[in-house]
K.L.:
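Got a structure here, written out as structure tokens. Questions coming.
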Amino acid sequence: MARRARRITMPRYNPADIEPKWQAFWETKRTFAAPDRPAARKRYILDMFPYPSGDGLHVGHPEGYTATDIVARFERMRGTSVLHPMGFDAFGLPAEEHAIRTNTPPRESTERNIANFRRQLKMLGFSYDWDRELATTDVDYFRWTQWIFLVLFDTWFDASAERGRPIDALPIPDDVARRGDAAVRRYQDEHRLAFRADALVNWCPALGTVLANEEVIDGRSERGGHPVERIPLRQWMLRITAYADRLERDLDQVDWPEGVKKLQREWIGRSVGAEVDFFAGTRDAFGAWQAERSVSGFARRPDDRVLRVYTTRPDTLFGATYMVIAPEHPFVDRLTTGAQRETVDAYRKAVAAKSDRERTEATRAKTGVFTGGFAINPVNGRPIPVWVADYVLIGYGTGAIMAVPAHDTRDHEFARQYGLPIETVVAPIGSSDSDSPLATDGPSNACFVGEGRVVGSGPYDGLETDACKRRITADLAKAGLGREAVNYKLRDWLFSRQRFWGEPFPILHELDEQGRPNGLLRAVPTESLPVDLPRLDDYKPHGRPEPPLAKAPDAWLYPVIDGAPYRRETNTMPQWAGSCWYYLRFIDPRNGTSFVDRDKEKAWMPVDLYVGGAEHAVLHLLYARFWHKVLFDRGHVSTPEPFQKLVNQGMILGEIEYSGYQEADGAWVSRIEVEIGEDRRPRRRGTSIEVREVRLRADQVEKQGDAIVLREAPDVRVWSRAEKMSKSRGNVVNPDRIVRDYGADSLRLYEMFMGPLEATKPWSMDGVNGVRGFLDRAWRMIIDDRAETVVLHPSVVDERPSDEQAKRLHRTIKAVTLDTEAMDFNTAIARMMEFVNGFTRDTVRPRQAMESFVLLIAPYAPHFAEELWQALGHADTLAYEPWPTYDEALTRDATIEVPVQVNGKVRGKIEVAAGAPSDALERSARTHERVAEWIGGNTIVKVIVVPGRLVNFVVK
RNA sequence: GGCCGAGUGGCGGAAUGGCAGACGCACAGGACUUAAAAUCCUGUGGGGGGUUACCCCCGUGCGGGUUCGAGUCCCGCCUCGGCUACCA
């Protein structure tokens, strides 16, 4: 027994021994501490830091982390100065919910969860510089989050210079200045990048708390299913819209996946069109108004008599047959006639009760009511009815539209539903074909949203869409009735949350003599930062629609500064805040006087490689870019963009599962006979017979042609698919278990070997086992597994590699180097497997080749490599050993095999010298016996020769 | 509905427009063993032919196209996955 135990623990590859050993080594030697400033070439390699949930890491985390770790270790070995830090995005709802449930401060559970995450990350052997670890919840960290907020608060956007500038530099109009100091301060407050405005919040009376959007599902609270109301509350906003153009434009500078750039562009949603004023008065007064406008020009703000719309299709103005205003539009009351008042009021009330989600449910039929009022189309003087409908949003454009049902699908749907006229004003170019929508559906029913030629529009007839847009817009501008306008889908960022577990705003509200806020704000002086969270007696909701911090002790809530009493801002920042700038703090995490040292920032920024999930493609990355640009404008950072290269790792799904469907009596139902009903329950197609999904084992099914069928009943098709890992499906893979059973290096290697980093891939336990088998074989290639201690395999000797071995070695070095650079980790691993397969067969394994191999695999399986490096006689870590180099000449064969095709089909192969020229190739190919047979008596029409690749005879 | 991505052996996947299926898993056969496990070796897209070396046909979701040549490029579809949702 004793002998057996020794055999297993020593010479066999045993990750349970060597992984903790090397982790301890790296930690005590501070192997991966990054220099303050890079020495030579630098790489800042960053992971999107995790939210430390109570569940710990799932296998998706190590995917991206392993990828960046490989790049970091690879770069260090190439002499690059590497900054590779890790931290925790630790504010968040789950911790607060836990706090409410258990009445313990959220910091306690947060720190427990961080400790668990840290343990798991260290167990995987990532080469982070742990000296730089931070959490967004650290008081030392959010002190600077608050400081940056004050930078935003101190900045206004100078549109003419297109950049943020100090609020002191904001020009104050004379009339404001004349009204005194308070008026000036209010004017400044209105122009800050951080400002306050009324916005709707989700207030749940039953829970007595305000809910985040993600806590509201179908108008009810996620917990308990209680109704949620939308009530207005004074909120902090960040003026991200001011940066919309730059956020869009600067996407050209970064090396990001095109898909992510596109998502951001669409989220910003820049569109160019026109604002047009419709006179909302009588036809008689219209002429006078027109005359007035032709003198005064287009009004900066529309007065009470006009309804202003935004359109991207001014060319369709003649087709506007009605107008729609949003239910929240201030003109609703004015336009509503007595007869319609009751209907309109009822409609608005009904709409107000609906959640955003209900309102935007696309499958829902459009609703709306007529106001009884009319407005006059400025291009033809025709009065058209004004409706109220919730398909028009108050927050976009002007909150009012001209409806052109012939050329807009939404207007078309609405018009058909309420019997409003549809008038065609654009004809598709070349529309005489029978397949045009106009021809098939009849002009009055058609909806053509494309561009074409203008018809039925008086003087504009015959123009093409673009030309007509320009002409009409210019004509309207001349008449003072319209102007070109740009709009964005992007809205200002609602930045406050009614939560405890977030960064407090460093803002004070001035109080009047009665102790009530007078509406004037004061920033907490930067030397008084941080504003820490107070300790609360309990974390239960207080039942009022205001933040939990309103429950804070008076000593916190009502500070006195310079003898004046203030009330602290009680909102907290959203979770996004901390992640907007953590990459900067990593550069200088313990700086007590500045958020980051200017020189260090200059030396390390930008982040060269940023890896994370695609779920952050828009919000996190857009918010961080926005903050970065503000800091850039104010001279605090040196680069206009924070993240140079972005890579999204793909999702890891559960193991492939097979499932079939059965009726209640056990009868199988083929997959194609199953449909999912409205209630999301599966039933037999076209019937009401419910069927249930049954999990099948792999040996119960087989593949027949394109279909997977039941082995016992081959006419029954079944499903084969991999699902997202989820607790409810029971297919979650726990990294702790994988590390225990296979080792961290196997987990790392497997996740990289599964497929391309960016692809969605199913998990496979057999795959993990297979990769472990590779490490076992590689171990035995170098270590004598029959010895009592870790000693080299007798085949490992100090000899020069044979020519054949040298070729294999140099080819492996080349392939692994290029693949690692390109982040093609799966193929790099395949090349290393080939190396092991080759050298395992050799009984002479030159030490030099073995050492190179160990260095190549080091970024991928670092513990494994360190142990072998030590066995090969090295005392120190290999983390900074020079990356192996290859000799291009040694990777090449002297002679190569070239396929010869006849009419594109391979009919033979010829052996030629590697550098053989075309004519030699062709000559050799012609002599090939079987090729000659295939050419036969035909005439050669053409010969294609690609030197080194192939010869192709085209014959007739 | 829109946008993005993907469809290649039994499975995960590989392939600058140039020999489809590298590498791994699984499976099968063999060696070692009293035996099993482990390990090592060999084979493995489908179909057909041949005594062996080997040869032929088909094959990258479907239908077209460009090209001497297409998994790869273009057009039109189908299926699956992800994201998104009336932005005028």
Side-chain angles (χ1 to χ4, degrees), chain A residues 12 257-260 262-263 266-267 269 271 273 309-313 316 324 356-357 359-364 366 389-393 395-404 407-411 413-414 487-491 614-615 617-618 650-651 653 655-656 698 701-703 706 708 720-724 750 753-756 758-771 773-774 776-777 780 785 824 826-834 837 840-841 897-909 930 941-944 946 948-955:
Chain A
R12 286 241 179 135
E258 278 310 313
V260 175
K262 186 163 184 188
L263 277 175
E266 279 171 8
W267 188 264
S271 69
V309 303
Y310 172 72
T311 177
T312 54
R313 291 296 298 271
T316 61
V324 185
D356 274 7
R357 184 177 295 233
R359 275 185 66 165
T360 57
E361 193 61 61
T363 54
R364 191 176 67 91
K366 290 187 171 33
D390 66 354
Y391 81 90
V392 170
L393 310 173
Y396 183 77
T398 60
I401 62 155
M402 61 175 210
V404 185
H407 305 290
D408 180 283
T409 51
R410 297 153 302 186
D411 298 342
E413 190 191 324
F414 191 80
N487 250 298
Y488 300 92
K489 288 192 207 174
L490 184 70
R491 307 294 155 82
E615 66 273 20
V618 176
M651 203 191 329
L653 304 173
E655 297 241 5
I656 291 177
V701 301
E702 64 186 356
K703 191 159 183 177
D706 290 341
I708 314 271
S720 146
R721 56 184 161 192
E723 302 270 354
K724 240 179 195 166
Y750 171 64
F753 188 59
M754 292 171 86
E758 306 201 51
T760 305
K761 308 164 280 268
W763 186 265
S764 157
M765 236 22 156
D766 285 338
V768 183
N769 194 45
V771 160
F774 161 64
D776 283 328
R777 279 193 298 281
R780 286 193 301 267
D785 71 327
D824 290 333
N826 54 332
T827 50
I829 293 165
R831 296 291 88 83
M832 291 191 271
M833 287 173 168
E834 285 175 300
N837 291 343
T840 298
R841 286 182 195 107
E897 197 183 59
V898 173
V900 182
Q901 300 181 338
V902 179
N903 285 343
K905 290 194 187 251
V906 180
R907 297 303 181 186
K909 284 162 190 183
R930 211 152 48 80
V941 185
K942 195 172 175 183
V943 183
I944 290 113
V946 184
R949 301 299 314 203
L950 62 20
V951 181
N952 186 12
F953 294 102
V954 184
V955 303

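Here is the naming used below: chain letters follow the sequence lines, and residue numbers restart at 1 for every chain.
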K.L.:
Looking only at side-chain N and O atoms, does A:Arg907 come under 4.0 Å of OP1 or OP2 in B:C56?
P.N.:
yes
K.L.:
If you look at every strand shown and take non-hydrogen atoms under 4.0 Å, does A:Asn903 touch a base, only sugar-phosphate, or nothing?
P.N.:
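Result for A:Asn903 = nothing.
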K.L.:
Rounded to whole Å, please give me the gap between CG in A:Leu490 and C1' in B:U84.
P.N.:
16 Å
K.L.:
Between A:Thr760 and B:G5, is there a contact of a side-chain N or O with OP1 or OP2 at under 4.0 Å?
P.N.:
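So the side-chain polar atoms of A:Thr760 never come under 4.0 Å of the phosphate oxygens OP1 or OP2 of B:G5.
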K.L.:
Would you write the dot-bracket representation of RNA chain B, where each base gets (, ), [, ], | or . depending on whether it forms a Watson-Crick or G-U pair under 3.5 Å and with which partner?
P.N.:
(((((((..(((.....[....))).(((((.......))))).(((((....)))))..(((((..]....))))))))))))....
K.L.:
Within the pair A:Lys489 and B:U84, is there a side-chain N or O less than 4.0 Å away from OP1 or OP2?
P.N.:
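It does not, given that no N or O in the side chain of A:Lys489 lies less than 4.0 Å from OP1 or OP2 of B:U84.
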K.L.:
Quantified in whole Å, what is the P atom distance between nucleotide B:C77 and nucleotide B:C27?
P.N.:
44 Å
K.L.:
Describe the nucleic acid contact of A:Pro257 in one word from base, sugar-phosphate, nothing, applying a heavy-atom distance below 4.0 Å.
P.N.:
nothing
K.L.:
Is the shortest side-chain N/O distance from A:Arg930 to OP1 or OP2 of B:C56 below 4.0 Å?
P.N.:
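Checking A:Arg930 against B:C56: at least one side-chain N or O falls below 4.0 Å of OP1 or OP2.
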K.L.:
Does a side-chain N or O of A:Arg841 approach OP1 or OP2 of B:C40 to a distance below 4.0 Å, or not?
P.N.:
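So the side-chain polar atoms of A:Arg841 never come under 4.0 Å of the phosphate oxygens OP1 or OP2 of B:C40.
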K.L.:
Of the candidate nucleotides B:A22, B:A88, B:U16, which contains the atom at the shortest distance from the side chain of A:Ala830?
P.N.:
B:A22
K.L.:
Can you tell which of B:C68, B:C3, B:C86 lies closest to the side chain of A:Glu266?
P.N.:
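From the listed options, B:C3 comes nearest.
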K.L.:
Measure from the side chain of A:Lys262, starting at C-beta and using heavy atoms only, and say which of B:U42, B:A88, B:C4 lies closest.
P.N.:
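Of the candidates, B:C4 comes closest.
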K.L.:
Side-chain N or O of A:Lys761 less than 4.0 angstrom from OP1 or OP2 on B:C11?
P.N.:
no
K.L.:
Does a distance-only test, which skips hydrogens and angles, find a donor-acceptor pair under 3.5 Å between the side chain of A:Asp766 and the base of B:C25?
P.N.:
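For A:Asp766, whose side chain was compared with the base of B:C25, there is no donor-acceptor pair (under 3.5 Å).
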K.L.:
Look at the side chain of A:Gln901 and decide which nucleotide, out of B:C86, B:C19, B:C25, has an atom nearest to it.
P.N.:
B:C19
K.L.:
When you check the glycosidic angle of B:G9, does it come out syn, meaning within 90° of 0, or anti?
P.N.:
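Because its glycosidic torsion lies within 90° of 0, B:G9 adopts the syn conformation.
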K.L.:
Examine B:G24: is either OP1 or OP2 under 4.0 Å from a nitrogen or oxygen in the side chain of A:Asn769? Give yes or no.
P.N.:
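Negative; the distance criterion is not met.
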K.L.:
How about A:Ile401 and A:Tyr391: do any of their side-chain heavy atoms sit closer than 4.5 Å?
P.N.:
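Yes, their side chains come closer than 4.5 Å.
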K.L.:
Using whole Å, what does the distance between atom P of nucleotide B:G24 and atom CE of A:Met833 come to?
P.N.:
6 Å
K.L.:
Taking the nucleotide of RNA chain B with the closest heavy atom to each, which residue, A:Ser271 or A:Asn837, is nearer the 5' end?
P.N.:
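Taking each residue's closest nucleotide, the earlier one in sequence belongs to A:Asn837.
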K.L.:
Respond yes when some side-chain nitrogen or oxygen of A:Asn826 is under 4.0 Å from OP1 or OP2 of B:G12, and no when none is.
P.N.:
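False: A:Asn826 side-chain N/O out of range (4.0 Å or more) of B:G12 OP1/OP2.
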K.L.:
Considering only the P atoms, how many Å lie between B:U60 and B:C73, rounded to the nearest integer?
P.N.:
15 Å
K.L.:
Any base atoms under 4.0 Å from A:Glu897, or only sugar-phosphate, or nothing? Heavy atoms, all strands.
P.N.:
base
K.L.:
What's the closest nucleotide to the side chain of A:Arg831 if the choices are B:G18, B:G12, B:C23?
P.N.:
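Selected nucleotide: B:C23.
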K.L.:
Among the candidates B:G18, B:A22, B:C19, find the nucleotide nearest to the side-chain atoms of A:Val906.
P.N.:
B:C19
K.L.:
I want to verify a distance call: between B:G18, B:G12, B:C86, whose nearest atom is closest to the A:Ile656 side chain?
P.N.:
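Of the candidates, B:G12 comes closest.
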K.L.:
Within the structure shown, what part of the strands sits under 4.0 Å from A:Gly259 by heavy-atom distance: base, sugar-phosphate, or nothing?
P.N.:
nothing
K.L.:
Side-chain contact test, heavy atoms from C-beta onward, threshold under 4.5 Å: evaluate it for A:Asn903 versus A:Val954 and give yes or no.
P.N.:
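Contact flag for A:Asn903/A:Val954 side chains = yes.
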K.L.:
Check every atom of B:U39, B:G18, B:C86 against the side chain of A:Arg780 and return the nucleotide holding the closest atom.
P.N.:
B:U39
K.L.:
Starting at the 5' end of RNA chain B, which residue's closest nucleotide do you reach first, A:Thr827 or A:Phe753?
P.N.:
A:Thr827
K.L.:
Whole Å only: how far is the NZ atom of A:Lys905 from the C1' atom of B:C56?
P.N.:
10 Å
K.L.:
Among B:A22, B:G81, B:C68, which is the nearest nucleotide to the side chain of A:Arg721?
P.N.:
B:G81
